[in-house]
> 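Right, I'll just put the structure down here and ask away after.
Reminder, nothing fancy here: chain letters follow the sequence lines and each chain counts from 1. Note: hydrogens, waters and symmetry copies are ignored here, and every other heavy atom, side chains too, is used.
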Amino acid sequence: IGKEQISNDKPNQSVESITVSAAVSLKDAFTEIGELYKAKTGRTVDFNFGASGALQQQIESGAPVDVFASAGEKQMTALAEKNLLTAGSRKDFARNSLVLIVPKTSEVRIVSFSDLADPALKKIAVGNPKTVPAGQYAAEVLEKGGLQEKLHDKLIFAENVRQVMDYVVRGEVDAGIVYSTDARQAGSEVNVAATADEASHSPILYPIAVIAGAKHPDAAQEFIDLVMSSEGQAILQKYGFISPGKSQ
Amino acid sequence: MLTIDVKKSFHKQHDRLFHLDLSFSVNAGFTVLTGPSGAGKTSLLRMIAGIIAPDEGVIELGSTVYFDSERRIDMQIQQRNVGFVFQDYALFPHMTATQNIAFGVRASASADRRVKAEEMLSLFHIEHIADRLPHEMSGGEQQRVALARALSCEPRIALLDEPLSAVDIETRSKLLDEIESAQDRAKIPFIYVTHNEAEATRLGTNRIYIRDGRVAAAEIA
Amino acid sequence: MLTIDVKKSFHKQHDRLFHLDLSFSVNAGFTVLTGPSGAGKTSLLRMIAGIIAPDEGVIELGSTVYFDSERRIDMQIQQRNVGFVFQDYALFPHMTATQNIAFGVRASASADRRVKAEEMLSLFHIEHIADRLPHEMSGGEQQRVALARALSCEPRIALLDEPLSAVDIETRSKLLDEIESAQDRAKIPFIYVTHNEAEATRLGTNRIYIRDGRVAAAEIA
Amino acid sequence: MIFDALKLSLFVVCCSTAIVGIAGVAFSYLLAKSSFRGKDLLDAFLTMPLVLPPTVTGYYLIVLLGRRGILGSYIYELTGWSFAFTWEGAVVAAVVVSLPLMIKASRASIESVNTDYETASYTLGKGKLETFLRITLPLARRGIFAGLVLAFARALGEFGATLMIAGNIPGKTQTMPLAIYEAVASGDDHRAQVLAVVLTAVSIAAIYLTNKISRTAFYG
Amino acid sequence: MIFDALKLSLFVVCCSTAIVGIAGVAFSYLLAKSSFRGKDLLDAFLTMPLVLPPTVTGYYLIVLLGRRGILGSYIYELTGWSFAFTWEGAVVAAVVVSLPLMIKASRASIESVNTDYETASYTLGKGKLETFLRITLPLARRGIFAGLVLAFARALGEFGATLMIAGNIPGKTQTMPLAIYEAVASGDDHRAQVLAVVLTAVSIAAIYLTNKISRTAFYG
Ligand SMILES: Nc1ncnc2c1ncn2[C@@H]1O[C@H](COP(=O)(O)OP(=O)(O)OP(=O)(O)O)[C@@H](O)[C@H]1O
Ligand SMILES: Nc1ncnc2c1ncn2[C@@H]1O[C@H](COP(=O)(O)OP(=O)(O)OP(=O)(O)O)[C@@H](O)[C@H]1O
Ligand SMILES: [Mg+2]
Ligand SMILES: [Mg+2]
């Protein structure tokens with residue numbers, strides 16, 4: 001056995017690139033961090049952006065991934081339960097908050113989540129709670145506010161936050177619930193009507209971890225370290241993410 | 001009265017393969033068209049029917065102008081009202097003998113069309129194949145269905161391209177009787193292509209012999 | 001020596017449409033097969049070629065058993081080695097005359113096949129259509145290509161289904177010469193279906209007349 | 001739940017296949033039998049939904065037919081109704097993605113019909129339309145049938161565009177593929193498998209059945 | 001970047017169309033010309049990827065071919081290589097989703113060929129294979145060509161299954177549709193539009209071109 005195996009596992013020797021699977025909502029921030037990583041280590045990062053659930057399934061089937069950054073804890077926990085994470089490498093690297101957005105042209109006055117019950121609002125888009133982390137958090141908010149029942153017939157489930165944005169931007173729905181980072185990116189195309197109380201949903205944490213059996217575990221860890229570093233955090237904040245430790 | 005005066009060339013890329021230059025006129029009644037294989041008989045019938053257009057010239061049936069290159073007239077096939085027996089029959093493969101014949105009958109009620117078709121089947125001695133599809137018929141049976149189909153659409157001119165070449169002598173003679181009586185009733189021009197001297201002699205009020213795309217001899221009554 | 005003893009019925013749903021019951025044997029040389037339209041001539045040839053299988057019986061060519069219902073032998077078409085002129089020609093529509101003929105020639109070099117095909121074209125007086133596709137030929141030209149194709153595959157038996165029905169008398173007589181000399185060279189049985197008395201008399205060493213699926217008269221030399 | 005999704009799926013697919021059948025044959029006729037300027041462009045345009053990711057097609061549909069869409073806003077003004085988030089929207093999505101399949105398959109078979117038969121029909125005094133319906137179509141039936149099966153199957157599996165325009169509302173617009181996707185994406189493997197098996201069984205049954213029917217119809 | 005994705009897309013599509021062309025014709029031959037037990041089931045099975053949402057097809061593909069997959073684990077043990085996150089994976093995904101289109105279209109056209117021509121070829125001593133290649137195929141060319149165009153277009157637009165098995169790694173496995181997806185999902189509308197326009201233009205050009213070619217080939 002051994003020799004080649006061992007020398008293969010030795011860090012830095014022939015490592016030229018690592019593969020990072022990350023939630024597609026992290027694309028802009030991570031791309032920038034990836035450039036920083038390259039400047040610092042000389043190694044490139046191959047990003048594989050997709051829906052967190054799909055990324056999870058790829059890893060479960062043995063896709064050659066070094067680092068996984070998820071938009072929801074559920075997917076990361078599922079991998080942990082299957083012993084697919086390198087022990088001790090999991091960290092929360094960012095937080096997000098949930099906002100209620102309405103079309104720019106909206107004539108209904110909405111200032112809080114409870115206004116969603118207003119009969120003038122016919123359709124409200126949220127992520128599908130079963131598949132989209134943002135939808136899960138939105139469901140918690142509605143549940144807490146006792147709105148779930150009242151809104152039952154108004155809810156439109158989207159398969160990603162982007163779809164919620166599209167619906168709101170195009171005025172197909174009267175309101176939608178998305179992450180603040182998304183609302184921020186959309187800029188003036190939508191109006192943010194309210195921000196969800198942090199207490200009304202479980203913390204929106206973005207976990208990251210090294211995958212068990214990663215080809216380049218040390219280089220992978222270095223990437224995570226960079227994300228956690230002040231430089232990395234600064235980049236994330238530039239795109240609207242909140243540091244995991246701080247509150248809003 | 002059918003008047004023909006046409007020129008037509010077949011080309012392939014830049015070679016002229018064949019040139020037709022025909023002019024004659026015949027009256028209602030039989031006109032037997034003979035000539036060696038490849039002389040242009042079928043091509044002539046196709047021009048009369050409107051399937052191919054002459055390069056230039058005139059085709060007139062009575063007072064109806066089928067084609068006139070100068071006046072830019074080229075009547076559509078479906079308005080020319082010809083009864084065409086194709087050399088290769090062209091029976092509709094998805095229709096039975098009765099359906100093939102009934103297809104062309106000009107009657108609005110489908111029962112009427114059926115009755116007429118059955119009448120034609122018995123005139124041509126093929127009642128027994130009424131419900132068969134073309135691929136279930138013998139060559140001569142197919143040919144008779146094609147003949148029946150062409151004559152039952154009440155045409156203003158009948159174009160028969162070797163219509164009895166695939167039947168035996170006995171049947172042929174019976175069918176010729178039927179063809180003659182059909183012409184007798186309709187009083188329209190019957191252009192009859194054949195290689196068979198006996199048929200030619202029997203029908204030949206008018207005879208046109210073409211060769212290499214030209215009228216080489218004509219006896220017109 | 002061709003020995004035939006077959007029975008075959010055509011059915012449609014539960015009706016028996018037609019029944020064949022034929023038995024005869026003939027030697028190498030011409031056998032003229034005549035009989036009214038729908039008598040079963042084409043069906044017989046199709047059984048010899050292996051295109052349809054008899055319900056029961058035996059078909060033997062020399063010592064080769066083509067079909068034997070008792071011994072459960074039914075040789076595949078492609079092994080029977082027949083030269084078949086189909087009543088409707090069945091020329092390959094995507095091939096020129098030369099290609100159609102060359103397709104069947106048994107020679108490994110494509111140049112050889114081409115040479116042979118060109119030779120056949122000139123024997124049958126159709127050099128001028130060498131490069132035409134079937135739909136660019138006249139009926140008689142197509143028929144001659146079909147004949148050339150069938151005779152150039154070095155068959156063990158030739159099955160000619162009204163092979164000259166679409167050509168004029170003059171051409172027919174020239175082609176008959178060619179067919180006779182082909183038989184002369186190959187010394188194999190030629191089964192020749194025709195409705196033309198002149199052809200029958202000229203070729204008729206053996207004559208079989210069939211009617212309603214049965215041998216009604218036979219003169220075998 | 002499964003039953004709801006299945007019922008909806010079958011309903012949507014039947015509507016869309018019927019529409020695609022008629023529109024597909026009409027377009028095939030146009031493309032195969034007539035010549036006009038921009039024919040190739042029309043052809044390419046009709047093939048587009050095959051190339052675009054369905055989500056993009058769905059996005060274009062929203063832009064076109066949504067409540068504020070280019071066409072949709074007129075509809076909404078006139079009727080107060082819009083395609084967005086309705087089963088009709090799902091039908092539109094299914095039609096758009098499956099039409100190209102129907103057109104390509106049926107056009108090829110219509111063009112393969114020997115024109116001698118059409119000519120014979122013309123000599124018997126029949127016009128273009130009657131000839132097409134009674135001669136060309138029956139002779140092209142295999143290709144048309146194949147096109148219908150393709151369109152049916154594609155509509156049954158349609159998901160991306162449907163999601164965009166019809167949303168994913170259980171019992172209202174959630175078709176089988178949407179339910180399967182939801183189950184797979186939420187990691188509910190068991191449910192996903194049950195649904196996939198049901199969809200597979202239904203489609204295998206449908207295809208099996210149509211094969212049988214076609215065999216009787218073609219060889220009868 | 002766009003150029004990378006376009007190049008990769010065209011490369012993957014060419015590979016997959018070539019494979020689909022050959023495999024599709026072979027399967028069509030099998031389905032059209034021979035009869036064996038389970039033929040209808042094979043047919044239905046081959047149609048499946050049309051009915052399943054591509055993401056689900058992709059899920060099955062990773063279950064089958066992933067490093068820990070049913071087949072994939074053997075491949076990995078033998079070669080140390082797996083389909084996951086490779087362009088070969090993208091080709092597999094494209095093949096699987098586009099093969100049914102090819103098969104349906106070409107099978108119908110092969111079955112529509114008048115068997116008299118095949119019979120004539122047999123009497124001239126040609127075997128089944130030679131007859132198929134030299135007679136049946138050329139006569140069925142329109143349908144086969146239509147199938148190829150369908151397969152090509154479908155492969156060009158393939159996205160769901162590719163994402164699952166090949167991942168979405170720019171420069172390595174990111175095809176045009178994946179790039180569009182990424183741009184849309186990350187909110188980069190401008191980029192998404194540019195990509196969609198490029199993909200549209202390429203496919204319209206490709207289809208336009210193939211139409212022209214087919215016309216010369218069929219009527220020339
Ligand atoms: N579409 C075409 N393209 C090229 N040449 C053609 C075409 N149609 C016919 N020809 C040629 O024109 C000539 C006349 O053909 P036509 O079919 O009119 O002959 P015909 O007198 O009917 O012969 P036959 O008695 O053999 O049927 C032939 O040499 C034929 O090859
Ligand atoms: N596939 C079939 N199904 C049903 N009946 C058939 C089939 N093939 C032939 N027949 C019938 O069998 C009989 C004999 O046909 P066959 O083609 O052998 O006649 P033939 O002697 O060649 O006639 P012809 O001189 O008209 O070509 C005909 O009545 C025909 O209708
Ligand atoms: Mg002729
Ligand atoms: Mg016969």
Side-chain angles (χ1 to χ4, degrees), chain D residues 39-41 43-45 47-57 59-60 100-101 104-105 107-109 111-114 139-147 149-150 152-154 156-160 176-178 180-181 184-185 192 196 199-200 202-208 211-212 218, chain E residues 39-41 43-45 47-57 59-60 100-101 104-105 107-109 111-114 139-147 149-150 152-154 156-160 176-178 180-181 184-185 192 196 199-200 202-208 211-212 218:
Chain D
K39 190 166 110 166
D40 284 329
L41 276 182
D43 186 20
F45 177 76
T47 315
M48 278 314 300
L50 206 62
V51 182
L52 288 179
T55 333
V56 176
T57 307
Y59 180 76
Y60 286 151
L101 301 179
K104 277 269 172 286
R107 178 183 174 181
S109 67
E111 286 180 338
S112 301
V113 171
N114 187 337
L139 292 177
R141 62 189 180 278
R142 278 172 202 282
I144 287 173
F145 194 76
V149 170
L150 280 176
F152 174 89
R154 180 67 186 83
L156 195 57
E158 168 43 31
F159 152 72
M176 285 296 281
L178 292 179
I180 296 181
Y181 170 79
V184 168
L199 184 62
T200 311
V202 167
S203 58
I204 288 193
I207 293 166
Y208 195 87
N211 274 344
K212 283 257 176 287
F218 297 165
Chain E
K39 190 167 112 168
D40 284 330
L41 278 181
D43 185 21
F45 177 76
T47 316
M48 277 315 300
L50 206 62
V51 182
L52 289 179
T55 330
V56 176
T57 306
Y59 177 73
Y60 286 147
L101 302 178
K104 277 269 171 284
R107 178 183 174 181
S109 67
E111 286 180 339
S112 301
V113 171
N114 187 337
L139 292 177
R141 61 190 182 276
R142 276 172 205 280
I144 287 174
F145 193 77
V149 171
L150 282 177
F152 174 89
R154 179 66 185 82
L156 196 56
E158 166 45 29
F159 147 69
M176 286 298 280
L178 291 177
I180 295 178
Y181 158 81
V184 168
L199 183 62
T200 311
V202 168
S203 58
I204 289 195
I207 293 167
Y208 195 87
N211 274 345
K212 283 255 177 288
F218 297 163

> How far does CG of L50(D) sit from OG of S203(E), to the nearest 0.5 angstrom?
9.5 Å

> Relative to chain D, which segment of I180(E) carries a heavy atom at a distance below 4.5 Å: side chain, backbone, both, or neither?
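I180(E) touches chain D through side-chain heavy atoms alone.
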
> Pick one of side chain, backbone, both or neither for V184(E), based on which atoms fall under 4.5 Å of a heavy atom in chain D.
neither

> Could you check which of S112(E), A105(E), P177(E), A146(E) has the highest count of heavy-atom pairs closer than 4.5 Å to chain D?
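Answer, by heavy-atom pair count under 4.5 Å with chain D: S112(E).
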
> Show the nearest heavy-atom pair for residues A44(D) and I204(E), with the distance to one decimal.
CB-CG2, 3.8 Å

> What part of T55(E) gets closer than 4.5 Å to chain D, counting heavy atoms only: side chain, backbone, both or neither?
side chain

> To the nearest 0.5 Å, what is the distance between CZ on R154(E) and CG on L101(D)?
9.0 Å

> Which residues pass the side chain to side chain donor-acceptor pair (under 3.5 Å) test with R107(E), not counting sequence neighbours?
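Side chain to side chain donor-acceptor pair (under 3.5 Å) list for R107(E), sorted by chain: D43(E), E111(E).
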
> In sequence, state the C-alpha distance, the side-chain angles, and the governing distance for V202(E) and V51(D), and then conclude on side-chain contact (heavy atoms from CB on, under 4.5 Å).
CA-CA 10 Å; V202(E) 168; V51(D) 182; over 6 Å; no

> Counting heavy-atom pairs closer than 4.5 Å to chain D, which one of V113(E), I144(E), T47(E) comes out on top?
T47(E)

> If I measure from the heavy atoms of chain D, does F152(E) come under 4.5 Å with its side chain, its backbone, both, or neither?
neither

> Using a 4.5 angstrom heavy-atom cutoff, name the option from G160(E), G147(E), G157(E) with the most pairs to chain D.
G157(E)

> Any chance you could measure L52(D), atom CG, to T200(E), atom OG1, to the nearest 0.5 Å?
4.5 Å

> Only pairs of heavy atoms separated by less than 4.5 Å count here; which of A108(E), S109(E), A205(E) has the most with chain D?
A108(E)

> Does any heavy atom of chain D fall under 4.5 Å from the side chain of P49(E), the backbone, both, or neither of them?
neither

